[in-house]
Structure formats: structure tokens, C-alpha cells
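In what follows, residues are counted from 1 in the order of the sequence shown.
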Amino acid sequence: MSGTAIENFACIIFNVSFMNCTWHVSWTASGDTQYFLYWKTSKKENFTECQNYIKDNHGRHTGCRFQNVTIENKRASFLVKGHRSGQNIQFISDYIIEKLTPPLNVTVNCTEASHGCEIRWQPPHTSHVKKHDCFKYQIVIENK
């Protein structure tokens with residue numbers, strides 16, 4: 001329905017198992033427009049509705065907070081349904097972003113004999129990436 005669709009839908013996973021999904025309400029949407037988020041992590045599952053909505057000043061749902069998120073197959077499906085005066089609105093997405101934590105157990109071993117340092121670390125924990133060779137790292141060394 002024209003003027004009621006959501007905009008800028010995004011889901012971001014952080015700290016491995018927390019996920020926030022947010023969207024903007026179209027500026028032309030009337031005050032009685034309400035949105036509901038559903039999601040699933042595989043084609044075999046049924047959609048599950050959000051249990052912890054983020055609301056704007058007008059009480060409209062503009063996002064959802066999830067805890068203990070696990071995404072085994074690298075893909076999730078999201079469905080935003082809405083209604084306005086009995087008319088349905090629908091939006092579907094499968095886009096997700098993960099903000100990674102820093103690498104773990106960083107150690108630096110410098111020796112005068114070799115005039116160099118060895119830096120080691122472990123890959124960060126993620127919600128779904130199992131192959132550590134998927135990561136690329138950049139090291140910035142600052143002399144003080």
C-alpha cells in the first residue's frame with residue numbers, strides 16, 4: 001500500500017548472540033499504521049514473531065531486540081507485516097550484518113636479538129562463521 005511501507009530495514013548481530021532489527025516508518029504512513037516483525041532461520045521453520053519491540057514516540061513498532069540468537073546456516077528470513085485501518089502491508093528481507101568482536105587472546109612477544117615482534121591471536125567468536133580462514137586482519141603498529 002503506497003506510503004505505508006517501511007524503509008531502511010537492517011538486522012545487526014553483536015556480541016555473538018544479540019540481534020537488533022530496525023526500520024524507519026515512511027513519513028507518509030498514518031498514525032494508525034502498526035508493524036510486526038517475524039523471522040526464521042531455515043526454510044523448514046515457521047516464522048516467529050518478535051517478543052521485544054522497539055517503539056517510536058507514537059507507539060509504532062520500529063524494531064525488535066533479540067537475545068540468544070543462533071544462525072546455523074548463514075541465512076535468516078525476516079517478514080515485516082503491518083496494517084492500517086484493516087489493510088495489510090508486507091515486507092520481506094534476508095539481509096543480516098554481524099558486528100564482530102575484536103580478536104581474542106592477543107599476545108605480543110618481542111625480542112631484542114631478532115629486532116622484531118611476534119603477534120598472535122585467535123579469531124573472534126561469531127554467530128555462524130565456522131571457517132577461520134574467512135577472516136582477514138589488519139595490524140596497525142604505532143611507535144611511541
Side-chain angles (χ1 to χ4, degrees), residues 1-111 116-144:
M1 188 169 178
S2 180
T4 57
I6 63 167
E7 300 170 348
N8 300 322
F9 179 85
C11 290
I12 300 174
I13 295 176
F14 59 97
N15 290 342
V16 181
S17 65
F18 297 97
M19 181 171 69
N20 282 353
C21 295
T22 57
W23 59 86
H24 295 116
V25 175
S26 171
W27 66 275
T28 57
S30 65
D32 65 343
T33 304
Q34 186 59 281
Y35 303 92
F36 302 92
L37 175 64
Y38 301 84
W39 83 303
K40 64 181 180 177
T41 57
S42 75
K43 291 182 179 182
K44 297 176 184 178
E45 288 183 31
N46 291 323
F47 279 101
T48 303
E49 184 179 356
C50 168
Q51 298 297 307
N52 190 12
Y53 282 107
I54 301 166
K55 298 180 181 184
D56 67 9
N57 294 337
H58 304 288
R60 289 182 293 204
H61 300 158
T62 58
C64 183
R65 292 185 180 97
F66 297 94
Q67 296 181 355
N68 302 319
V69 171
T70 56
I71 299 175
E72 300 283 332
N73 61 359
K74 301 181 185 177
R75 193 152 239 182
S77 296
F78 300 93
L79 170 64
V80 178
K81 288 185 177 183
H83 62 82
R84 181 183 102 179
S85 302
Q87 297 174 323
N88 291 330
I89 306 154
Q90 198 163 324
F91 171 86
I92 298 176
S93 175
D94 60 2
Y95 186 64
I96 197 165
I97 299 169
E98 183 166 6
K99 287 188 176 180
L100 300 175
T101 60
L104 304 168
N105 300 325
V106 177
T107 59
V108 179
N109 185 14
C110 298
T111 61
C117 295
E118 179 181 81
I119 304 170
R120 293 180 175 258
W121 60 87
Q122 293 175 336
H125 293 300
T126 70
S127 65
H128 65 278
V129 176
K130 304 296 182 213
K131 295 181 180 178
H132 296 303
D133 59 348
C134 292
F135 292 99
K136 291 184 180 181
Y137 300 94
Q138 180 178 355
I139 299 172
V140 177
I141 299 173
E142 296 179 3
N143 292 324
K144 293 186 178 184

Subject >> Heavy-atom closest pair, residues P103 and W121 >> reply: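 Scanning both residues, the minimum pair turns out to be CB-CD1, 3.7 Å.
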**OP:** Compare every heavy atom of P102 with every heavy atom of P124, then report the nearest pair and how far apart it is.
**Re:**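 For P124 and P102, the tightest heavy-atom pair comes out as CB-O, 3.7 Å.
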Original post:
Any chance the SG atoms on C11 and C21 come in under 2.5 Å?
Top reply: yes
Subject >> Positive for side-chain contact (heavy atoms from CB on, under 4.5 Å) with R60, one of D32, I54, V25 >> reply: V25
Original post:
What residue among I6, N57, D56 forms side-chain contact (heavy atoms from CB on, under 4.5 Å) with T62?
Top reply: D56
Original post:
Taking the side chain from Q67 and the backbone from S17, do they hold a donor-acceptor pair closer than 3.5 Å?
Top reply: no
Original post:
Donor-acceptor pair, H61 side chain versus F36 backbone, under 3.5 Å?
Top reply: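 Here the side-chain-to-backbone pair does not exist.
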What distance do [X] atom [atom1] and [Y] atom [atom2] have between them, rounded to the nearest 0.5 Å?
X    : Y    : atom1 : atom2 : result
F9   : F78  : CZ    : CZ    : 5.5 Å
N105 : R120 : CG    : CZ    : 12.5 Å
Y137 : I119 : OH    : CD1   : 13.5 Å
F47  : S77  : CZ    : OG    : 5.0 Å

Subject >> Sub-4.5 Å side-chain heavy-atom contact between V108 and C110 >> reply: yes
**OP:** Report yes if the side chains of K40 and Y38 come closer than 4.5 Å at any heavy-atom pair, otherwise no.
**Re:** no
